[in-house]
Amino acid sequence: MIPAAFEYIRADSADAALAALAEHGDEAKLLAGGHSLIPLMRFRLARPEVIVDVGRVDDLKYINDAGDHLAIGALTRHSDVETSDLVKAEAPLLSAATSYVGDPQVRHRGTIGGSVAHGDPASDIPSVLLAFRATLIAQGPGGTREIPVDDFFQGFLETDLAPDEILTEIRLPKAAGAGWSFQKFNRRAQDWAIVGVSALVQNGTAGIGLVNMDSTPVRAAAAEAAVASGASPAEAAESAAIGCEPTSDLNASVEYRQHLARVLTRRALEEATA
Amino acid sequence: MSIMGTRVLRKEDPKFLTEGATYTADVRDPRLEGAAHVHFVRSTFAHAKITSIDISDAASMPGVLGICTADDIPEDVGTVPAAVPLFPPSMMNRPLLATGTARFVGEPVVAVVAETPTQAADAADMVFVDYEPLPVAIDIEDANADNNIIFDDVGTNTAVDFAMMGMATGIGEEDIFADCDVVVKQRIINHKTAPAPLEGRSVACVWEGEKLIIWLSSQAPHGFKGALPGVYEGIDCQVICPDVGGGFGQKIGGTPEELIMPHLSRVYNRPMRWTETRTENFIGIGHGRAQVQYATIGGSSDGEIQSYRLEVIGDSGAYCGLGAFLPFFTHIMAAGVYKIPKIETAAKSVVTNTAPVLAYRGAGRPEATAAIERAIDIFAAECGLSAVEVRRKNLIPADAFPYTTPHGTEYDSGAYETSLDKALEAADYQALLAEQAARRERGDRIQLGIGVSVYVEITGGPAPGGAEFARVHITPEGKAQIFSGAFSHGQSHATTFAMVAADQLGMSIDDIEVVQGDTDKVPEGTGTFASRSLQFGGSAVYDSSREVANQAREIAAKLLEADAEDVVLDTSTGAFHVQGTPAVSKSWADVAAAAANDGVTLQHEGSHNANCSYPFGAHVVVAEVDTETGEVTVPKIVTCDDSGTILNPNIIEGQRHGGIAQGIAQALTEEFVYDEDGNPVTSNFADYGFISAAELPSFTLVPLETPTPNNPLGAKGIGESGAIGSTPALQSAVVNALSHLGIRHIDIPLSPERVWSAISDS
Ligand SMILES: Cc1cc2nc3c(=O)[nH]c(=O)nc-3n(C[C@H](O)[C@H](O)[C@H](O)COP(=O)(O)OP(=O)(O)OC[C@H]3O[C@@H](n4cnc5c(N)ncnc54)[C@H](O)[C@@H]3O)c2cc1C
């Protein structure tokens, strides 16, 4: 459980991190909270040559009210998101979902940006972003660009970010007053979800993000469409797993995951519309 | 008032809670200065010929001192000594490094020695082993069918057939079920679980001339010392065990990684250290349970059981250690708490291409309880009777002790029905039944199930019994030192053994030091496992304390100018005085000083031999089952565990807590899984379902004390009870929650998908 040797660079600003990435190209990896990357390195499943530690880049740690949306710095720790009054007021779904991430130790180290940039379909936070139809801000050598969440997740642990880019901010449209629900199904309190569902319902439209239902974080598009056309939660939830290609593993077969997606989506929509 | 039976706080805790423990990896002894570090290259195949090992790249890596393969081990270094000398030699003589053939994923093949742990790990990455895969036997029944043979020269995968050895009754000619109205059969899986102590294995060693000094994380320092000469003939050694972070049966004997260390230290002429990673602990040392059982039970339709047959195939893993012997324990405890006139058992163990099975908490007895309790439930369901009433009807009555089962196990003492009554009452059984009926009536999504198990186990086994060493020594200041051959790796001997001595000597436990875990300081010993420490080790402390008190009385008599027969030790004050005249007395300090003056050593040592004991109890577990998802939650656990006379309720409760948690974990979340090729797939704490407090309710612990006549303390073992009763009780609760759907059995662990599948299929 000792990682392979690597060079360590501590970046004190986003610019310094960008410069380091530019220099080392795809041999470098950003280290944020380290709670996804370090386990991979310890198993030697990841062997980056260079680690660029952005854990202390304080100017990317913030939760701001930006008028019609919340702007959250990518390096904000889960625990700060979870306990933020602003998040509780404007995006209670995010606050609730974050409180289910791992355990307190994990939430004090892990960051919202790392959770998203890792592109792990088993992560809870991407499902929230899908439900919100969030926007992601990336900074690279050529400047800053906005990425709609639907374009962000490209494949298993693959995102739209280029090796020389940093995810800097996550923007969530404000949703005070919207119906919401987070359903996480796991065997132990600190476990990753076997299947999870984030639902955000307002004005007859629903955003539904799924955890662990495909090789990337995915939305339950058919169920969302059903809600839009007036279906009841139970009716809409029937199509929750349509188009999803979940994997079969120790905890669940494909069939069981599909079943859970339907059950949890129904529960989520019922709660969000109650 | 005697200190016995009181809630004395653990003497161990202040240190653990303030300065912290010193585990083997923390030991900073000057003799270990400049130690080199070992990293093992492990087989990535479950069964393969090792065709070549290329160490050339690794050997030139920075810091590498040397690389050791099986070929480099000289002939005077032996193989792992047999735990039980019953098996065909090739099965039990496990080499220190895989020799020619690798037989499970995780088996050490090469040892890399380097200046630092990191350099050793980096170099290990550059060792290239060529394997030629061989067909595997992973599943117990598949291995039993001898489809693929693991030891060619043995020709069968059967390790021991206990009936053939006369150690189980075997299946007789007579049909023992001929007269039964109702006969039911069930195949039951008792899956592999990982002991997962929070501290894994760790070794540090150094040669001082011809003497080996070895520190290690072990449950049995003397056991390890006893194992070493099997590998290194005539070796002189001192085994030191500092604080140990749990064992659960994993650290009783010596494992190859530990046993090869003296060799590496000698060859490279350096102190040598190795501390395993979590994954190595999961894949490299072994697992518990691992049986397939076929139970048949028969009786009259009014619920009286007449006959029971249990056939067990145990998985021994790739080599035969203690694990291959465990079906024997299942056999001797097959009858459980019931008076069943006819019992037949068949038991065998088979080798598989998995890590060796070991004696995990309960070791063979939980499996016996699981089988009979499942059988009773299914029999009751077939008869249309309450499983609680069927149990009650067939329990061995309190006036039947000592009771000998039809296949020869002699239970010492028991009050089985009392334990059942108390547990049911504390659980408010009638209210639970009403709640269950109401939910069924309403067709609730979350159904309620009530599971009951009544168990008996053997501690300090195998029968007839065992022994442990103790020396009690009085210092010139009049304080006591206890040298014990038992070894606490969490069990609190420093507290309990001090209490036993305090009660006999009339001293404060603060004046009594317990010395353990060093084979130079403690001349003999066995170790701590099988819930044996208090009954044997505590009894030895009791004996020697009384002897020392007698020696002290002689000296006190001189000081008091009286006859020794007239002098008494008031154990409430620690004062020696002439019977009837307490006003004139001598203290331990007076007596010890006088003894020192006379050149007399106040000391006694010896081993206490005692018969095994048979703790018992009843567990009531409530399960809630989400019928939509199969999710199981556990809102209530009530246990009445009787381990004889209670020395210290705090410590007993701690043992029960841990045991219950592990037992529930086996039923609910924990399973060590190999895929069909023999790759371990639960080799870390993310994938292995180690239970946490969040998945468990607060436990209701009901006390009951039925002393054993087999030792002077009246104490039975409590280490394993919790893990024995709770597993079948939860399994029973989940099945009970779904019984209205016609479900009678679901194998453990009760994963949501498995429960959901059972519901979907019903
Ligand atoms: C025991 C445990 C339990 C957990 N349980 C859960 C759970 O239940 N639910 C859940 O959702 N998660 C869980 N996690 C994961 C946790 O949320 C992680 O913290 C998170 O996935 C990654 O965030 P991080 O800051 O630690 O990222 P890191 O591990 O530092 O990085 C992850 C990846 O993202 C990249 N990266 C990080 N930040 C940026 C950035 N700003 N721009 C571009 N790339 C970046 C890194 O280069 C790396 O490839 C668990 C983790 C552990 C160890």
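Any value given below was found using the heavy atoms of this structure, including those in side chains, with hydrogens, waters and symmetry copies removed.
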Worksheet item: By a 4.5 Å heavy-atom criterion (distance strictly below it), what part of S751(B) contacts chain A: side chain, backbone, both, or neither?
Response: both
Discussion item. Counting neighbours of CZ on R44(A) that are heavy atoms of other residues, nucleotides or ligands and sit closer than 6.0 Å, is the number greater than 12?
Written reply: yes
Worksheet item: Which distance, rounded to the nearest 0.5 Å, do you find between the NE2 of H259(A) and the OG of S757(B)?
Response: 9.5 Å
Discussion item. When you compare the side chain of N251(A) with that of E753(B), does any pair of heavy atoms fall below 4.5 Å?
Written reply: no
Practice prompt. Mind ranking A5(A), A189(A), A4(A) by heavy-atom pairs under 4.5 Å with chain B and telling me who comes out on top?
Written response: A189(A)
Worksheet item: Any chance NE2 of H108(A) has more than 12 other-residue heavy atoms, nucleotides or ligands included, within less than 6.0 Å?
Response: no
Fill in: Validation row: R187(A), E631(B) side chains within 4.5 angstrom (heavy atoms)
no
Worksheet entry | Heavy-atom closest contact (D687(B) atom, L250(A) atom, distance) | O-CD2, 3.9 Å
Practice prompt. Flag the pair P752(B) / F185(A) as yes when at least one side-chain heavy-atom distance between them is below 4.5 Å, and no otherwise.
Written response: yes
Worksheet item: Do N684(B) and R42(A) have side chains that get closer than 4.5 Å, going by heavy atoms?
Response: no
Worksheet entry | chain B contact via N186(A) - side chain, backbone, both or neither, heavy atoms under 4.5 Å | backbone
Worksheet item: What part of V681(B) is in contact with chain A, defined as an atom under 4.5 angstrom from a non-hydrogen atom: side chain, backbone, both or neither?
Response: both
Discussion item. Run T279(B) and F43(A) through side chain to side chain contact (heavy atoms under 4.5 Å, CB included) and show every step you take.
Written reply: CA-CA 9 Å; T279(B) 298; F43(A) 286 121; 3.4 Å; yes
Worksheet item: Hey, which of E695(B), R754(B), E671(B) has the most heavy atom pairs under 4.5 Å with chain A?
Response: E695(B)
Worksheet, complete the sentence: For D122(B) and P3(A), the nearest pair of non-hydrogen atoms, with its separation, is OD1-O, 4.5 Å
Item to complete: Decide yes or no on side chain to side chain contact (heavy atoms under 4.5 Å, CB included) for R266(A) and E628(B), but give the supporting numbers first.
Response: CA-CA 12 Å; R266(A) 193 201 72 228; E628(B) 222 169 44; 2.9 Å; yes
Worksheet item: Non-hydrogen atoms of chain A under 4.5 Å away: do they reach the side chain of A686(B), the backbone, both or neither?
Response: backbone
Fill in: Over 12 foreign heavy atoms within 6.0 Å of CZ, F40(B)
yes
Discussion item. Given heavy-atom pairs under 4.5 angstrom as the criterion, report whether the side chain, backbone, both or neither of D125(B) touches chain A.
Written reply: side chain
Worksheet item: Is there a side-chain contact between R267(A) and T629(B) (heavy atoms, below 4.5 Å)?
Response: yes
Worksheet item: So does Q154(A) have more than 12 non-hydrogen atoms from other groups sitting under 6.0 Å from CD?
Response: yes
Worksheet item: To the nearest 0.5 Å, how far apart are CD1 in I691(B) and CZ in R188(A)?
Response: 9.0 Å
Discussion item. Check this for me: Q190(A), atom CD, are more than 12 non-hydrogen atoms of other residues, nucleotides or ligands nearer than 6.0 Å?
Written reply: yes
